[in-house]
Amino acid sequence: MGDTRPAARLTVLSGPSGVGKDSVIELIRARSPWVWLSVSVTTRPRREYEVDGVHYHFVDRDEFDRLVAGGQLLEWAEFAGARYGTPRAPVVARLAEGEPVLLKIDLQGARQVRRAIPAARLVFLAPPSWQELERRLVGRGTDDPETVRRRLAHAREELAAEPEFDVTVVNHSVVRAADELVGLLGSPALL
Ligand code: 5GP
């Protein structure tokens, strides 16, 4: 019998805004608590349902800058006026123990992880269709046309990044996408 433990592996979940990354992660949190999710630091304000230390570590700009200056972030990026970053030490410790690690980060972050850790597996969460993503981003139609136009242009750019990724998971349903992702965490290295 071979070693049945999952391969030590850093998996990055990324994809366009509005595709449903948060819903997929929340389902994994609820149904597969053994999956270790990296907790990012962010300078954005906490949303009501979020728990400090669980969804994010909420820090001010000075603290964030200290972490960057101290080389304590594996990657970081600015998104919609706030900064987000992945604390390096917990990720490195988990990987050293041979345990799988899952990061949910934006595209800029995924590219940095690719450079820092070439063996990372990058997973692109894709919408079932452009029309579906458009529908989610336009939402209830309460935003002004210029905001909607910018959001759609940004989403088109983000979709174009798909070929940079190792695997695409299509978000037909949150349950299926979460199952596929959890399956990937346990599967042997592709490289
Ligand atoms: P939100 O504010 O909606 O929680 O997240 C905004 C965006 O930031 C999402 O695309 C999310 O995946 C991304 N994000 C969350 N944490 C990190 C991180 O540590 N690094 C990077 N690069 N992006 C992150």
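These values consider heavy atoms only, across backbone and side chains, with no hydrogens, waters or symmetry-generated copies. Whatever order the structure lists ligands and atoms in, that order sets their numbers, starting from 1.
Heavy-atom contacts of Glu75 reach the following atoms of ligand 1: 18 (C), 19 (O), 20 (N), 21 (C), 22 (N) (cutoff under 4.0 Å). Short contacts between ligand 1 and Gly109, defined as distances under 4.0 Å to a heavy atom of the residue, involve ligand atoms 22 (N). Less than 4.0 angstrom separates some heavy atom of Ala77 from each of these atoms of ligand 1: 22 (N). With ligand atoms numbered from 1 in the order given, ligand 1 contributes 19 (O) to contacts under 4.0 Å with heavy atoms of Thr86. If you number the atoms of ligand 1 from 1 as listed, the ones under 4.0 Å from a heavy atom of Arg44 come out as 1 (P), 2 (O), 4 (O).
Of the heavy atoms in Phe79, only side-chain atoms (C-beta onward) come closer than 4.0 Å to ligand 1. With a 4.0 Å cut-off on non-hydrogen atoms, Arg47 touches ligand 1 through its side chain and not its backbone.
No heavy atom of His55 sits closer than 4.0 Å to any atom of ligand 1. Heavy-atom distances between Gly85 and ligand 1 reach below 4.0 Å in at least one pair.
Using a 4.0 Å cut-off between charged side-chain N and carboxylate O, Arg44 and Glu50 make a salt bridge. We find that Arg29 and Asp22 are not joined by a salt bridge, their nearest charged nitrogen and carboxylate oxygen being 4.0 Å or further apart. In this structure, Arg66 does not pair ionically with Asp62, as no charged nitrogen and carboxylate oxygen lie closer than 4.0 Å. Under the 4.0 Å criterion applied to side-chain N and carboxylate O atoms, Arg176 and Glu180 are not assigned as salt-bridge partners.
In this structure, Val24 is not a member of the same hydrophobic cluster as Val170, with clusters built from ILVMFWY side-chain heavy atoms closer than 4.5 Å. Cluster membership check: Ile28 shares its hydrophobic cluster with Val91, using side-chain heavy-atom separations under 4.5 Å among Ile, Leu, Val, Met, Phe, Trp and Tyr.
The shortest contact between atom 5 (O) of ligand 1 and any protein heavy atom is with Tyr56 OH, 3.4 Å. Looking only at heavy atoms of the protein, atom 9 (C) of ligand 1 is closest to Lys21 NZ, 3.9 Å. Protein heavy atom nearest atom 11 (C) of ligand 1, with residue, atom name and distance: Lys104 CE, 4.0 Å.
Between the side chain of Ser129 and the main chain of Glu132, a donor-acceptor pair closer than 3.5 Å is present. Remark: side-chain polar atoms of Arg114 are paired, donor with acceptor, to backbone N or O of Ala120 under 3.5 angstrom.
A heavy-atom distance below 4.5 Å is not found between the side chains of Val169 and Phe124.
A salt bridge (Lys or Arg N to Asp or Glu O under 4.0 Å) with Arg83 holds for exactly one of Asp60, Asp65, Asp106; it is Asp65.
The residue among Val113, Val41, Asp106 with a heavy atom at the shortest distance from atom 21 (C) of ligand 1 is Asp106.
Taking distance alone, with nitrogen or oxygen atoms compared against 3.5 Å, Ser40 approaches ligand 1 more closely than that limit. Any N or O atom pair closer than 3.5 Å counts here, and Gln108 shares no such pair with ligand 1.
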